[in-house]
Amino acid sequence: MESFPKIISVDDHTVEPAHVWRDRLPSKYRDIGPRVVRAPLKEMTFVGGKFAPKMGAPGDDGPIADWWVYEDLHRPLTRLDTAVGYSRDEVRLEAITYEQMRPGSFSVPDRLADMDVNHVQSALCFPTFPRFCGQTFTEAKDHELGLLALRAYNDWMVEEWCGPEARGRLIPLTLIPLWDAELAAAEVRRNAARGVRAVCFSEIPPNLGLPSVHTDAWDPFFAACDETGTVIAMHIGSSSRMPSTSADAPPAVGSTITFANCCFSMVDWLMSGKLDRFPDLKIMYAEGQIGWIPYILERADVVWEENRGWGGVADKVLRPPSELFAEHVYGCFFDDAFGLRNLDAIGAGNVLYETDYPHSDSTWPKSREVAEAQMGHLPRDVVERIVRGNAIELLGLTEDGLWAGPGA
């Protein structure tokens, strides 16, 4: 495909530099807020969808790693956080230091250089230490400190990661305090006032001990997003549970069915009534792929048509779910030839492209080649929409695909 459009990736990741909270929290909190320490790894497992690391004491045997420490949480940097530049056979479950990761994981100039190598113009980045929707701060005991830490992250995201050095090529994605919907709404409006158009949320909040989207508990947050044009971005794993089948299932089982949480979540939203109540609300599913969507829409429409009388949705879901999907929902993919062969059943306007840099699934540095191979049968204008046009419209970017900065 000649002159393939420059990619706008709606799902990349940042590995937060060690200074984020050290520099931005009030001085009295710097010794108890999130901080990095170097210590040995005692043990680490990832079985049945559960990640369980144990930090050793100084002088213990074990590989040395950089650890985020915050209250009772000890979380090491891992090779799965930043696997680009390594062959697939070299990517293992191991703890690492900052020096052992590709600098583009945490450094803006290096990230832009790696984007250039990968034919990527702009990128929206999810967090690492806070986890995909800020669960780290929600689970903390001290929510006063948690709120300060969350706002510090958002300030770093807007002012530094997406600051002048990024030249509009990094698109801000912020967090909310999930424990309080009114505070969440205020944080959405605070960030929208400086041009932020996307916010993280959990795919399945009850898995975090939070209310479901079927309640009214989230309405202040949804209303703020609806009013400000802020997209609700849900990443696989943002419910702190990756899909699996049993406690002893190897990670390969979960890796094959990572889309399942997105599937469950989308049905929740389509049957919640929220997309009728908040007509301008937009939601997107990062890293969920798209090949599963056509059947779910078909089945949801059948259930709505045939079973809504006893299914508990007759009085709140006022239109077929497929119509709601077309107006409100975006699927995101990086490697889904099957989904692209069935694009007509999904809708070219409801699909976004991603590269997942720097994770182990990332198509970097060959995202363009993967896209060309899988999209070769599509018209040029459809390819343009998928790899950049839809993202420009959804995220309020400039015509050139850049974030316009504070006040945008």
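Taking the six-membered ring wherever Trp is involved, the centroid distance between the rings of Phe333 and Tyr353 falls below 6.0 Å. Here Tyr98 and Phe106 bring their ring centres to under 6.0 angstrom of each other. Ring centroid separation for the pair Tyr29 and Trp21 does not come in under the 6.0 Å cut-off. For Trp67 and His74, the ring centers sit 6.0 Å or farther from each other.
In plain terms, the two heavy atoms of Ile96 and Thr78 that are nearest each other are CD1-O, 3.6 Å. Closest approach of Met271 and Ala300 over heavy atoms only: CE-O, 3.7 Å. Here the closest non-hydrogen pair linking Leu324 and Asp276 is CD2-OD1, 3.7 Å. Of all non-hydrogen atoms in Val329 and Asn350, the two that sit nearest each other are O-ND2, 2.8 Å.
Using a 4.0 Å cut-off between a side-chain N of Lys or Arg and a carboxylate O of Asp or Glu, Glu139 and Arg131 qualify as a salt bridge. The existence of a salt bridge linking Arg24 and Glu159 is confirmed by a sub-4.0 Å separation between a basic side-chain nitrogen and an acidic carboxylate oxygen. For the pair Lys141 and Glu71, the salt-bridge criterion is not met [side-chain N within less than 4.0 Å of a carboxylate O]. Remark: Lys6 does not engage Glu384 in a salt bridge, criterion side-chain N to carboxylate O under 4.0 Å. The pair Asp155-Arg194 meets the salt-bridge criterion, since a charged nitrogen lies less than 4.0 angstrom from a carboxylate oxygen. Taking the charged nitrogens against the carboxylate oxygens, Arg169 and Asp400 have no contact shorter than 4.0 Å, which rules out a salt bridge. A salt bridge does not link Asp23 with Arg30: none of the charged nitrogens is closer than 4.0 Å to a carboxylate oxygen. Under a 4.0 Å N-O distance rule, the pair Asp116/Arg111 does not qualify as a salt bridge.
With hydrogens and angles disregarded, no donor-acceptor distance shorter than 3.5 Å links the side chain of Arg197 to the backbone of Gly229. Side-chain N or O atoms of Asp280 include none that pairs as donor or acceptor with a backbone N or O of Asp226 at under 3.5 Å. When atom types are taken as modelled, the side chain of Ser265 and the backbone of Asn261 share no donor-acceptor pair closer than 3.5 angstrom. Counting only distance, with no hydrogens or angles, the side chain of Asp12 and the backbone of Leu124 share no donor-acceptor pair below 3.5 Å.
For the ring-ring contact (aromatic ring centres under 6.0 Å, His included) criterion with His13, the lone passing option out of Trp364, Trp161, Phe132, Phe129 is Phe132.
Atom CD of Glu99 and atom CZ of Arg38 lie 4.5 Å apart (nearest 0.5 Å). Rounded to the nearest 0.5 angstrom, Leu112 CG and Met115 CE are separated by 5.5 Å. Here the CG-CD distance, from Leu318 to Glu323, works out to 11.0 Å after rounding to the nearest 0.5 Å. With rounding to the nearest 0.5 angstrom, the CD1 atom of Ile232 is 9.0 Å from the CZ atom of Phe278. Rounding to the nearest 0.5 Å gives a distance of 9.0 Å between CG of Leu270 and OG of Ser322. The CG atom of Asp356 lies 5.5 Å from the NE2 atom of His235; values are rounded to the nearest 0.5 Å.
For the pair Cys200/Leu173, a side-chain contact is recorded, criterion being any heavy-atom separation below 4.5 Å from C-beta on.
The cationic group of Arg79 lies under 6.0 Å from the six-membered ring centre of Tyr86 and within 45° of the ring axis, placing it in a cation-pi geometry.
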Full working for ring pair (Phe, Tyr, Trp, His ring centres under 6.0 Å) between Trp269 and Tyr285: CA-CA 12 Å; Trp269 276 88; Tyr285 287 101; 8.1 Å; no
Asp81/Arg75 under salt bridge (Lys or Arg N to Asp or Glu O under 4.0 Å): CA gap, chis, key distance, verdict: CA-CA 12 Å; Asp81 293 331; Arg75 200 272 192 198; 2.6 Å; yes
Residue pair Asp216, Arg277: steps toward the salt bridge (Lys or Arg N to Asp or Glu O under 4.0 Å) verdict: CA-CA 11 Å; Asp216 293 334; Arg277 287 191 59 195; 3.4 Å; yes
Evaluation steps, ring pair (Phe, Tyr, Trp, His ring centres under 6.0 Å), between Phe137 and Tyr153: CA-CA 11 Å; Phe137 303 123; Tyr153 174 87; 7.5 Å; no
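Side-chain contact of Ser367 with Thr355: a donor-acceptor pair under 3.5 Å is absent, judged by distance alone.
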